[in-house]
Amino acid sequence: MRPDSTKDAGVVSRMFDEVSPRYDLTNDVLSVGNSRLWRVSTTRAVQPRKGMRVLDIAAGTGTSSAAFAKSGAHVVAADFSPGMIAVGRERNAGNPNIEFVEADATNLPFEDNSFDVTTSSFGLRNVNEPKQALAEMFRVTKPGGRVVICEFSRPPAAIIREPYFFYTQNVLPTIAGFITGASDAYDYLNDSIQEWPDQPSLAAWIREAGFESVEYRNLTFGLVALHRGFVPTTQATSTGDGTAGAAEEDR
């Protein structure tokens, strides 16, 4: 089942339900193992520690959530796909540091200022109103807290960008279809990657949501970008202005 460009939440949710049993395996294969390195970089940016409350939005099966929870932080793994949530609960049964919640990223069922860190890995791209999701992330994050977003992006160098887009268009759906039996779902994911804004544009969206000191850095030549921002300590007097810049490449 392939959703159209409107990203209807129900259709996208059912698509993820369909691929949930082999979702993590497929990610490892398609990224040639780089997904594990991206997870390490994201965990370092989140800086989880005991006593912290971390909200992982579009958490899927909770692979990133489990990495955050190893520190002793309490992680709420939120996703709008019941299938993903079911697989995540089964895989993380008995882990008291992870709580799975079915939730819409554009209307989070949490109180204001509830989390020390709000994060999303490869999920914001699939939300039908990503700017509204960023506003919700801002709302539920405590003053002084941070947002960390790891997402596919646009490689700045044409020598990387053109072969990468060829791969996502022509190779990725075939391999994914072989593993999951749902090549149409990965046709959609390919489209969502190519339609997603570049690094400076996403940084601007994050600043518009109210976060300050917004920065990003490229991972694996810019195939993926890791964005970070902070909720002003005194939100009422903040202009929300921040700076966005690219840091060193990190494989």
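All values reported here derive from a predicted model rather than from experimental measurement.
- Nearest heavy-atom pair across P155 and R161 is O-NH1, 2.8 Å.
- Residues P109 and V101 come closest through the heavy atom pair CG-CG1, 4.4 Å.
- Using modelled atom types and a 3.5 Å distance limit, the side chains of D56 and T119 yield no donor-acceptor pair.
- Atom CZ of residue F122 and atom CZ of residue R39 lie 9.0 Å apart, to the nearest 0.5 angstrom.
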Steps toward side chain to side chain contact (heavy atoms under 4.5 Å, CB included) verdict (I149, L134):
CA-CA 10 Å; I149 297 172; L134 287 169; 3.5 Å; yes

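- With contacts defined as side-chain heavy-atom distances shorter than 4.5 Å, the pair Q47/S71 does not qualify.
- When atom types are taken as modelled, the side chain of T141 and the backbone of M137 share a donor-acceptor pair closer than 3.5 angstrom.
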Side chain to side chain contact (heavy atoms under 4.5 Å, CB included) evaluation trace for F80 with I85
CA-CA 8 Å; F80 69 166; I85 291 290; over 6 Å; no

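- Between N113 and P143 there is a side-chain heavy-atom pair separated by less than 4.5 Å.
- Side-chain atoms of F221 and P156, non-hydrogen and from C-beta on, never get closer than 4.5 Å to each other.
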Check step by step if side chain to side chain contact (heavy atoms under 4.5 Å, CB included) holds for I206 and V147.
CA-CA 9 Å; I206 296 171; V147 63; 4.2 Å; yes

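- The closest side-chain donor-acceptor pair between E151 and H227, if any, does not fall under 3.5 angstrom.
- Distance check, rounded to the nearest 0.5 Å: CG of L219 to CG of L37 gives 9.5 Å.
- F138 pairs with exactly one of W205, F230, F211 by the ring-ring contact (aromatic ring centres under 6.0 Å, His included) rule, that one being F211.
- If you take CZ on R36 and OG1 on T63, they are separated by 9.0 Å, rounding to the nearest 0.5 Å.
- No continuous path of hydrophobic side-chain contacts links F100 to F110 [ILVMFWY only; heavy atoms under 4.5 Å].
- The shortest side-chain heavy-atom distance between T43 and P48 falls under the 4.5 Å cut-off.
- Under a 3.5 Å cut-off, the side chain of D198 and the backbone N or O of S201 do form a donor-acceptor pair.
- Not one N or O on the side chain of E102 forms a donor-acceptor pair closer than 3.5 Å with the backbone of S81.
- Between G123 and A58 the shortest heavy-atom distance is CA-CB, 3.5 Å.
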H74 vs V54, test: side chain to side chain contact (heavy atoms under 4.5 Å, CB included). Steps then yes/no.
CA-CA 6 Å; H74 178 78; V54 177; over 6 Å; no

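- Counting only distance, with no hydrogens or angles, the side chain of R89 and the backbone of M84 share no donor-acceptor pair below 3.5 Å.
- Salt-bridge annotation for E208 and K131: present, with a side-chain N of the basic residue lying under 4.0 Å from a carboxylate O of the acidic one.
- A donor-acceptor pair under 3.5 Å links the side-chain atoms of D79 to the main chain of G60, judged by distance alone.
- Heavy-atom minimum distance, S153 versus P197: OG-O, 4.4 Å.
- In this structure, the separation between NZ on K70 and OG on S65 is 12.5 Å, given to the nearest 0.5 Å.
- Here the side chain of E136 pairs no donor or acceptor atom with the backbone of A105 at under 3.5 angstrom.
- In this structure, V46 and M52 approach most closely via the heavy-atom pair O-CE, 4.3 Å.
- With respect to D116 and R53, no salt bridge is recorded, no charged nitrogen being found less than 4.0 Å from a carboxylate O.
- A distance of 12.0 Å separates CG of L226 from CH2 of W38, quoted to the nearest 0.5 Å.
- No continuous path of ILVMFWY side-chain contacts below 4.5 Å connects L55 to I98, so the two sit in separate hydrophobic clusters.
- When all heavy atoms of R139 and E111 are compared, the closest pair comes out as NH1-C, 3.7 Å.
- Taking 4.5 Å as the limit, some side-chain heavy atom of F68 sits within range of a side-chain heavy atom of T42.
- In summary, the side chains of E129 and T106 do not present any donor paired with an acceptor at a separation below 3.5 Å, with no hydrogens or angles considered.
- Checked by atom type and distance alone, the side chain of R154 pairs as donor or acceptor with a backbone atom of Q194 at under 3.5 Å.
- For the atom pair CG of L124 and CD1 of I57, the computed distance is 8.5 Å after rounding to the nearest 0.5 Å.
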